[in-house]
Participant: 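Before anything else, here's the structure in question.
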Amino acid sequence: MSADDFALTLQEVAVRVATGAGRLIHDERPADVEVAATKTSPVDVVTKMDLASEELIRAELARLRPEDGLLGEEGGLRSGTSGLTWVVDPIDGTVNYLYGVAGYAVSIAVVAGQPTPQAWQVLAGCVMDPKHDLVYSAARGHGAQVTDGGVTRPLQGPADVPLARALVGTGFGYLPGRRAAQARVLSGLLPRIRDIRRLGSAALDLCALADGLLDAYYERGLQPWDQAAGVLIAQEAGAVVTGLHGLGASEELVVGAAPGLHRALTELLGRLGASSDDR
Ligand code: LIP
């Protein structure tokens, strides 16, 4: 089996497992979603369905890919022996899920190497939006696609528009200090672009970029599981997705757009200090 064929097979595993977890969190969402715990702040919540979703994903991947490692948002890292690690966000957009607001997804990617954005090579990934029955996926070197109500089409990436006409997605952290810094950056950006959209899920922001529904996306503070699948899908759709100053996408900053807009946006975000928490 060629490396590319191998990546396609991994894509099929990601799609199958993400779809099963997506159906669970949507079909079995209780009227009153129960918060199981909080993490970095009182508004950084973990619901019981986050935990149920990750439990299902862990069981399925242990069955289908027993030698691989797994890094999950809620359960942490279980090392494997294959050199591959599955990077899992059982519900990305947890606050949207808690409130019953559209904009939550299951995000699953498989990476080679250390499971950190600075070191990994993402081989395949899937972001599944169960509320809208949208299954975004990609295999490295094979492009990106979305299955929408059972019909599959390629993702063509964002248009290359001037900064002043750009519809830009972003998000904010949970800690007050980080949010104050992000508000400062936003105040410098907003007069220079068409508008901002804050969807509440990095994975779906990156898929919206891949599908041309956003012209650009940037966010500071994304965890590996927030970005692993979505960055691959956006890159395979043709977007340039990096950090600042020639660095790769990471927790420090993720910036995605078509090439010309990416240059203009990263230059402005660099001047605005978007990769620091200085206020
Ligand atoms: C979310 C990210 C989103 C960010 C939110 C939150 P979660 O992840 O996907 O981009 O702006 O603050 O971190 O917490 O829903 O898994």
Side-chain angles (χ1 to χ4, degrees), residues 18 21-22 24-26 29 33-55 57 71-76 86-109 117 125-131 134 136 168-183 185-186 189 196-210 213-214 216-234 241 243 249-256 269 274-275 277:
L24 169 75
I25 65 172
H26 180 263
R29 182 184 181 280
V33 175
E34 195 172 339
V35 174
T38 59
K39 294 190 285 191
T40 61
S41 82
V43 294
D44 183 3
V45 298
V46 182
T47 73
K48 286 204 166 182
M49 290 305 282
D50 285 274
L51 300 176
S53 175
E54 185 162 324
E55 183 179 348
I57 292 165
L71 171 62
E73 177 172 12
E74 313 311 344
W86 293 84
V87 182
V88 171
D89 193 335
I91 302 179
D92 190 56
T94 297
V95 173
N96 287 340
Y97 184 78
L98 177 67
Y99 279 74
V101 173
Y104 59 85
V106 175
S107 179
I108 297 178
C126 178
V127 175
M128 200 269 173
D129 172 350
K131 195 173 182 75
L134 293 169
Y136 301 91
V168 181
T170 192
F172 309 109
Y174 288 111
L175 293 175
R178 168 68 54 86
R179 294 171 71 82
Q182 290 171 321
V185 172
L186 185 60
L189 181 69
I196 279 288
R197 291 292 182 270
R198 199 287 198 249
L199 303 180
S201 161
L204 289 178
D205 284 322
L206 286 158
C207 290
L209 178 70
L213 305 177
L214 289 173
Y217 167 70
Y218 79 96
E219 186 161 356
R220 173 171 168 72
L222 294 183
Q223 297 300 315
W225 42 81
D226 293 324
Q227 59 177 281
V231 167
L232 176 73
I233 290 165
V241 188
S250 72
E251 184 174 353
E252 182 180 83
L253 198 70
V254 173
V255 189
L269 289 172
S275 59
D277 289 335

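Start at 1 and go down the list; that is how both ligands and their atoms are numbered. Position 1 is the first residue of the sequence; numbering continues from there.
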Participant: How far is atom 3 (C) of ligand 1 from its nearest protein heavy atom, and which residue and atom is that?
Facilitator: A202 N, 3.7 Å
Participant: V95: heavy atom below 4.0 Å from ligand 1, yes or no?
Facilitator: no
Participant: Using a plain distance cutoff, I'd like to know if G171 has any nitrogen or oxygen under 3.5 Å from a nitrogen or oxygen of ligand 1.
Facilitator: no
Participant: Check whether any side-chain heavy atom of V168 lies under 4.5 Å from a side-chain heavy atom of I196, and answer yes or no.
Facilitator: yes
Participant: Would you say the side-chain atoms of E54 pair up with the backbone N or O of V88, donor to acceptor, closer than 3.5 Å?
Facilitator: no
Participant: Do me a favour and list the nearest non-hydrogen protein atom to atom 11 (O) of ligand 1 with residue, atom name and distance?
Facilitator: E219 OE2, 2.6 Å
Participant: Cut-off 3.5 Å, side chains only: do D50 and T94 have a donor facing an acceptor?
Facilitator: yes
Participant: Any atoms of ligand 1 less than 4.0 Å from a non-hydrogen atom of S201? List them with their elements.
Facilitator: 9 (O), 10 (O)
Participant: What protein heavy atom is closest to atom 8 (O) of ligand 1, reported as residue, atom name and distance in Å?
Facilitator: D92 OD1, 3.2 Å
Participant: Hey, is the main chain of G177 close enough, under 3.5 Å, to the side chain of D277 for a donor-acceptor pair?
Facilitator: no
Participant: Would you say the side chain of E73 lies within less than 4.5 Å of the side chain of P90, judging by non-hydrogen atoms?
Facilitator: yes
Participant: Given that the side chain starts at C-beta and the backbone is N, CA, C, O, which of these parts of D226 lies under 4.0 Å from ligand 1, counting heavy atoms, or is it both or neither?
Facilitator: side chain
Participant: Between the side chain of D44 and the main-chain N/O of Y174, is any donor-acceptor distance below 3.5 Å?
Facilitator: no
Participant: Should G93 be counted as touching ligand 1, given the test is an N or O pair under 3.5 Å?
Facilitator: yes
Participant: Residue-level breakdown please: for N96 versus ligand 1, do any non-hydrogen atoms fall below 4.0 Å on the side chain, on the backbone, on both, or on neither?
Facilitator: neither
Participant: When you measure from atom 12 (O) of ligand 1 to every protein heavy atom, which one gives the shortest distance, and what is it?
Facilitator: F172 O, 2.7 Å
Participant: Report yes or no: does a heavy atom of R198 sit under 4.0 Å from some atom of ligand 1?
Facilitator: yes
Participant: Taking only heavy atoms of E73 into account, list the atoms of ligand 1 that are under 4.0 Å away from them.
Facilitator: 16 (O)
Participant: Any non-hydrogen side-chain atom of L24 less than 4.5 Å from a side-chain atom of M49?
Facilitator: yes
Participant: Give the residue and atom name of whichever protein heavy atom lies nearest to atom 13 (O) of ligand 1, and the separation in Å to one decimal.
Facilitator: Y174 CE1, 3.6 Å
Participant: Does N96 use its side chain to pair, donor to acceptor, with the backbone of G103 at less than 3.5 Å?
Facilitator: yes
Participant: So, are K39 and E74 salt-bridged, with charged N and O less than 4.0 Å apart?
Facilitator: yes
Participant: Considering only heavy atoms of I91, which atoms of ligand 1 have at least one such atom less than 4.0 Å away?
Facilitator: 16 (O)
